[in-house]
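Heads up: the structure comes next, in structure tokens.
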Amino acid sequence: MGVERTPKDYFLKFLKHLSLIITSFACLLPLVSCVFAAFKTKEEFGLTSKVAPPESWLHLDNFINFWNDSGIGQGFITSIGVMLVTILISVMLGSMLAYVLDRFTFRGNALIRHAFTLASLIPGLAMQVTIYKMMSNLNLVDSLVGYVIMMAGTDVISIYILLQYFENLPTALDESAIIEGCTYYGVFFRILMPLLRPAMVTCMILKGVGIYNEYYNANLYLQNKQKYKTVSTALYTYLGPTKSQYEIICAGVLICTLPILIIFILFQKQIYNGMTNGAVKG
Amino acid sequence: MSTVNPAMPQPRGRKTFREWFAVPKNQQRVVIFTFAVVPVFLLIMFTYYPFMRMIEWSFYNMSYTKNRGFVGLKNYLDVFTRDELFATFRVSLYYMAGAVVQIALALYFATILSFKTKFTAFYKGAMFFPFLINGIAIGFIFKFFYTRGHVLDTTLGFFGIPLESLPYWLRDTSVNNWSLVATSVWKYMGQNMVLFSGAIMSVDTTLYEAAAIDGANKWHQFRYVILPSISTVLTLNVILSITGSLSAFEPPYVIAAMGSNGTATYFIQMHQTAHVQHKVGLACAMAVVLVLIICICTLIQKLIFKYAFRNAGTDTKPAKKGVL
């Protein structure tokens, strides 16, 4: 028995689809126009409408120019290197902490949980002034080690995601392993860590994207821009009146965005789940 | 699982480490310590220690290299009396207004996409993807987008709006903040939507059926089933958007050339105070004020939402586990 549809229902349905189409269009328009611009020659860009597709999709000069002038290649190496080291450290630390917080009752357990929750309310950017001073006292400004330590720092979202995942792993696993003569280290590294993989992948993707896109700290803490160029700081050099060739800038924007697009398409589900798990129970 | 087996012989006197470690209780202590020490150390080093120093420094007139002595509350007075600092609160209001629109849109799309709709994955992806793009890249995308006669003006031209009647989106001080706020809505709306739809999906589907039997229409379903069950996420997002509206950084910094033409947000001004003017004490006072504002907003939020959802059935709320 189907539900009767009145004209009003059809009208509401129409409005729903219209709103979805308009909004998706608005979300994609800035990106798509950027893609169009990136494939245009200088003259073509000047003469044609900014929302018209390029004459030829094989005009790659803008990409080549950007790649050669910006030093983005070095930026990729630094950013990806920093990203890999940082996500490994931070996910390891996060899952170790989540393990002890979830599996053991000890004095200080609640205190640590609250300390992390409270920390998530204080915006990290607010403390930049004092952190900068501390880092420069420790000689960690203009050093990749310093930047990595800072980015690995405290990642409350990962800890939430991992804690939640631990709650769903039965403790019977730990207990039987202990009876078999396993140490608690063994339980964590040999039994639980392999099971934790999906949650770890989610954390790594979220954290990885964050680090790849990071600009503020990279700019502040890696001041020798020749030596330590990240993707963001390399792109940033195109700001300013001297370089306002949008067709080249757009090519640069695409080069920087492409890896993220690939990651997004491959790991869509993990990204959505990660976002939700990190926030719902927080 | 942690009790010592009473049958196990308790060694007397000096124990080797191996024997000591074989006692589960001791082993647990070691594991707890070794696994927690580094994360907790990093938390203290990058959050609590700088936080304390920030409060301390806010009472001093100092730069990164020199300390010119204790000045009491003078820095705090400056935050509220210096025009260029106070003006940034007004800019933040634009971002807060944007956040309201953003959350409303996100809630709307999360709701309609949670019912069966064609191309859900495409719409969701199109709205969410901007969140993953590099902030500097977004800056350039919108610089291009808003430039006179470029993408936005051309698109509006298709709808018959002549170029002459359009303002300079980034230069005209009557619209430039709205232009920047729009980029922030563009970036974060999809992310909020994904958070909300995750929460909506965790709603027990039998509740919808029960509501439908009781004669509830879509609006009732939204008001009495969906809204109460996502109140936690909603509260969290409102708080985050207030934080975000004060600490918005990339849009004014990249698109509007470091907050020129009256687009500087509170955070941009704080950054300039510390790293350009080297007034570290004043910047710290600004940071303390920022944290206080966030705390106050959080409290008000909690109270309002407690009031708004006081009648909501508690059984529809997801069980609170873990942190908080």
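Proteins come first, then strands; the chains are lettered A, B, ... in the order of their sequence lines, and each starts at number 1.
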Below 4.5 Å from any heavy atom of chain A, which atoms of B:Lys187 appear? Answer side chain, backbone, both or neither. neither
With a 4.5 angstrom heavy-atom cut-off, could you sort out which part of B:Val291 is near chain A: side chain, backbone, both or neither? side chain
When A:Tyr246 is tested against each of B:Tyr146, B:Phe144, B:Phe145 for ring-ring contact (aromatic ring centres under 6.0 Å, His included), which residue passes? B:Phe144
Chain B contacts, top residue of A:Ile112, A:Thr233, A:Leu220 (heavy-atom pairs, under 4.5 Å): A:Leu220
Can you tell which part of B:Glu56 gets under 4.5 Å to a heavy atom of chain A, answering side chain, backbone, both or neither? neither
Derivation of the side-chain contact (heavy atoms from CB on, under 4.5 Å) call for A:Met134 and B:Met45: CA-CA 9 Å; A:Met134 176 181 80; B:Met45 176 168 166; 3.7 Å; yes
Find the one option among B:Arg29, B:Lys124, B:Met201, B:Arg53 whose heavy-atom pairs under 4.5 Å with chain A are most numerous. B:Lys124
Please flag which part of B:Met54 lies under 4.5 Å from any non-hydrogen atom of chain A: side chain, backbone, both or neither. both
Which bit of B:Tyr48 comes within less than 4.5 Å of chain A, counting heavy atoms only: side chain, backbone, both or neither? side chain
Backbone of B:Leu132 reached by a side-chain donor or acceptor of A:Asn213 within 3.5 Å: yes
More than 12 foreign heavy atoms under 6.0 Å from CZ of B:Phe41: is that the case here? no
May I ask you to name which of B:Val30, B:Ile138, B:Val288, B:Asp153 has the most heavy-atom pairs under 4.5 Å with chain A? B:Val30
How about CZ on B:Phe33, more than 12 heavy atoms from neighbouring residues, nucleotides or ligands closer than 6.0 Å, or not? no
With a 4.5 Å cut-off on heavy-atom pairs, point out which of A:Ala115, A:Ser49, A:Cys250 contacts chain B the most. A:Ala115
Cut-off 4.5 Å, heavy atoms of chain B, and the answer for A:Phe166 is neither
Ignoring hydrogens and angles, tell me if any N or O in the side chain of A:Tyr132 forms a donor-acceptor pair with the backbone of B:His275 under 3.5 Å. no
Toward chain A, the part of B:Thr154 with a non-hydrogen atom under 4.5 Å: side chain
Chain B interface, residue from A:Asn109, A:Leu118, A:Val231, A:Val156 that has the most non-hydrogen pairs under 4.5 Å: A:Leu118
Most chain B-contacting option - heavy-atom pairs closer than 4.5 Å, from A:Thr183, A:Val209, A:Ile263: A:Thr183
Side chain, backbone, both or neither: which part of B:Tyr266 has a heavy atom under 4.5 Å from chain A? neither
Interface residue of largest heavy-atom contact number with chain B, from A:Cys34, A:Gly210, A:Ser232, under 4.5 Å: A:Ser232
For the candidates B:Phe128, B:Phe119, B:Phe51, which exhibits the highest count of non-hydrogen atom pairs separated by less than 4.5 Å from chain A? B:Phe128
What part of B:Phe46 gets closer than 4.5 Å to chain A, counting heavy atoms only: side chain, backbone, both or neither? both
Under a 4.5 Å heavy-atom cutoff, which of A:Thr23, A:Leu12, A:Ile265 has the most pairs with chain B? A:Thr23
Quick one: what part of B:Leu113 sits under 4.5 Å from any heavy atom of chain A, side chain, backbone, both or neither? side chain
Please indicate whether A:Tyr215 has more than 12 foreign heavy atoms, meaning atoms of other residues, nucleotides or ligands, lying under 6.0 Å from its OH. yes
If one checks every heavy atom of B:Tyr123 against chain A at 4.5 Å, the contacting part turns out to be both
Sort B:Ala36 into side chain, backbone, both or neither according to what part of it lies under 4.5 angstrom from a heavy atom of chain A. both
Among B:Phe142, B:Tyr108, B:Phe122, which residue has the highest count of heavy-atom pairs closer than 4.5 Å to chain A? B:Tyr108
May I have the step-by-step check of ring pair (Phe, Tyr, Trp, His ring centres under 6.0 Å) for B:Phe129 and A:Phe264, ending in yes or no? CA-CA 8 Å; B:Phe129 185 65; A:Phe264 175 61; 5.5 Å; yes
Donor-acceptor check, side chain of A:Gln128 to backbone of B:His271, threshold 3.5 angstrom: yes or no? no
Could you tell me which portion of B:Ile32 (side chain, backbone, both or neither) has an atom closer than 4.5 angstrom to a non-hydrogen atom of chain A? both
Assert yes or no for the condition that the ring centre distance of B:Tyr253 to A:Tyr216 is strictly below 6.0 Å. no
Using non-hydrogen atoms only, which part of B:Thr273 is less than 4.5 Å away from chain A: side chain, backbone, both, or neither? neither
